[in-house]
2 protein chains.
Amino acid sequence: MLNKSSATVQRKRRSRGRPRTAHSEDVREKLLRAARDLFMRYGYRAVSSRQIASAAGVNVAMIRYYFGGKPGLYREITNAMVGPLRAGIDAMSAGATQIELASLIGTAMRMWATNPWLPGLIVREVLMQEGPLRAMFIRDFPERLVPVLEKLVRREMERGRLRADLDPRLVVLSMISLGLFPFLALPVTSRVFGVRADEAFLQHLIRHTTDVLTRGIAVHDAPGSKK
Amino acid sequence: MLNKSSATVQRKRRSRGRPRTAHSEDVREKLLRAARDLFMRYGYRAVSSRQIASAAGVNVAMIRYYFGGKPGLYREITNAMVGPLRAGIDAMSAGATQIELASLIGTAMRMWATNPWLPGLIVREVLMQEGPLRAMFIRDFPERLVPVLEKLVRREMERGRLRADLDPRLVVLSMISLGLFPFLALPVTSRVFGVRADEAFLQHLIRHTTDVLTRGIAVHDAPGSKK
DNA sequence: CGTCTAATTACACGCATGCTTAATAAATCC
DNA sequence: GGATTTATTAAGCATGCGTGTAATTAGACG
């Protein structure tokens, strides 16, 4: 009878107040998950609150209710993703004396492979002019990481393990370039290079990268000794 | 007398119709310049038509008048910037037999230094999910450039100039990483690494990069000969 | 049972966006 | 010199944005 009154609709529209079964944390969690996916794929500005809410299947106002607003949601997500990385840098900064340069790149690359959103997030926030947290990111990453790496490189040079005729700062830059860019390019790489981004490829890539880098910056003192 | 009528204002507001002195191409040019600066700095989505018009000092409607709309303006700009690069790739694809791999990176790096917006533009359009021209960019760049480079690398391997135990596709990836990323990072690099982005630094960077790359991927057949 | 709190919805506000249109005036043409 | 074309402006349109807010309801507490 095409009844459009509100009394008998009861289709998919949820009624107004508090829901019957209390699944409180559920909404918060769903919002976080949807927002993480969208923000990491398209960036902060390109994703709207309504898009996030729609993807999470909840009302828009819940963003304000749980996170205070769109920036609060973004901050929550970035903090969660970036915390372990920051901790890693700090740990490296503390015990920098017993770290092997060659294994460091493998560690970093494993980090990118485990958290595939991180390279894009860092590049978007740090290198492009985008993102509302740029200053924080720059303070957290390049300004903390680069001096540690530079000191490491200089130490290895003094010990005669790295070519001393190279500019240590540019060696650091090359390390970051080789270690980070392939993961930035991964979505395109898999199509253009015809490779699959699986564990086997990751091992292959790490071996290749460390190989190319070390045979470039390592001193060739005894070229015929180790094959 | 606080006269607010339109007859005697005559301040900065231009009168409605066609301007007295015909500076027709001027407006078009000013729009292109302003749009190029803004688009390259902040990306397509983050820049509004009104921002561009305001920066160019012209009316918003002129964007539609001259370019049909915001996408038309963007297309015009990207085409102009990307044309020479595309031509370069095609030329390389044609006469790929007499190209030296080592000098190629220097050429590319000089290209980035001359057109500082290009690396950011390419990364934004190709690697991130952003940008309305992503498909076109992918077809124009990685899908055209990568096979050419790969063939070049394989040829150099067959000639015994490059290590044959490396994966040619990953060598190409490393070349692109080392050649492109430093220019992506340039705005941050200059602050974090404490360097100035001048001609001297460019030469230094090119020398360093080719050095690191070639001593990594080149065959060490006569290690003691050239010191 | 009455009150209070937590969780959720619908709605609307003000603003910015890209785009369109009508009006207008100089330049040009026949 | 009247008609047409070209270049420009102001105003407005629909849409989408982030954010508020009042209403509503289930559960908790006394």
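Letters A, B, ... are given to chains in the order of the sequence lines, protein chains preceding strands, and every chain is numbered from 1. All of these numbers come straight from a predicted model, not from anything done at the bench.
Remark on DNA chain D: of its neighbouring residues A:V47 and B:V58, the 5'-side contact belongs to B:V58, judged by nearest-heavy-atom nucleotide. In terms of position on DNA chain D, the residue among A:R45 and B:A61 whose nearest nucleotide sits closer to the 5' end is B:A61.
Remark: A:S49 is not in phosphate contact with D:dC17, judged by side-chain N or O atoms under 4.0 Å from OP1 or OP2. Dashed line: the shortest gap from a side-chain N or O of A:S48 to OP1 or OP2 of D:dG16 is not under 4.0 Å. Taking side-chain N and O atoms only, B:Y66 has a distance below 4.0 Å to OP1 or OP2 of D:dT8.
Distance OH (B:Y65) to P (D:dA7): 4 Å, rounded to an integer number of Å. With rounding to whole Å, B:M62 atom CE is found 15 Å from C:dT20 atom P. In this structure, NZ of A:K70 is placed 8 Å from C1' of D:dC17, rounded to the nearest angstrom. Counting to the nearest Å, the C1' atom of D:dA7 and the CG atom of B:L31 are 13 Å from each other. One interatomic measurement links the two molecules: NZ of A:K30 to C1' of C:dA7, which rounds to 13 Å at whole-angstrom precision. Taking atom CZ on B:R28 and atom P on D:dT6, their separation rounds to 15 Å, with Å as the unit. In this structure, A:I52 places its CD1 atom 14 Å from C1' of D:dG16, rounding to the nearest Å. Separating the CZ atom of B:R64 from the C1' atom of D:dT9 is a distance of 15 Å, rounded to the nearest angstrom.
The aromatic rings of B:Y44 and B:Y74 are tilted relative to each other, their planes meeting at an angle between 30° and 60°. In this pair, A:F137 and A:F141 present their aromatic rings tilted. The plane angle is within the 30 to 60° band.
Ion pairing of B:R154 with B:E150 is present here, as a side-chain N (NZ or NE/NH1/NH2) and a carboxylate O approach within less than 4.0 Å.
For the atom pair CZ of A:R86 and CG of A:L145, the computed distance is 13.5 Å after rounding to the nearest 0.5 Å.
The neighbour count for A:R41 CZ, taken as heavy atoms of other residues, nucleotides or ligands under 6.0 Å away, does not exceed 12.
The base of D:dG18 is paired with the side chain of A:R50 by a donor and an acceptor separated by under 3.5 Å.
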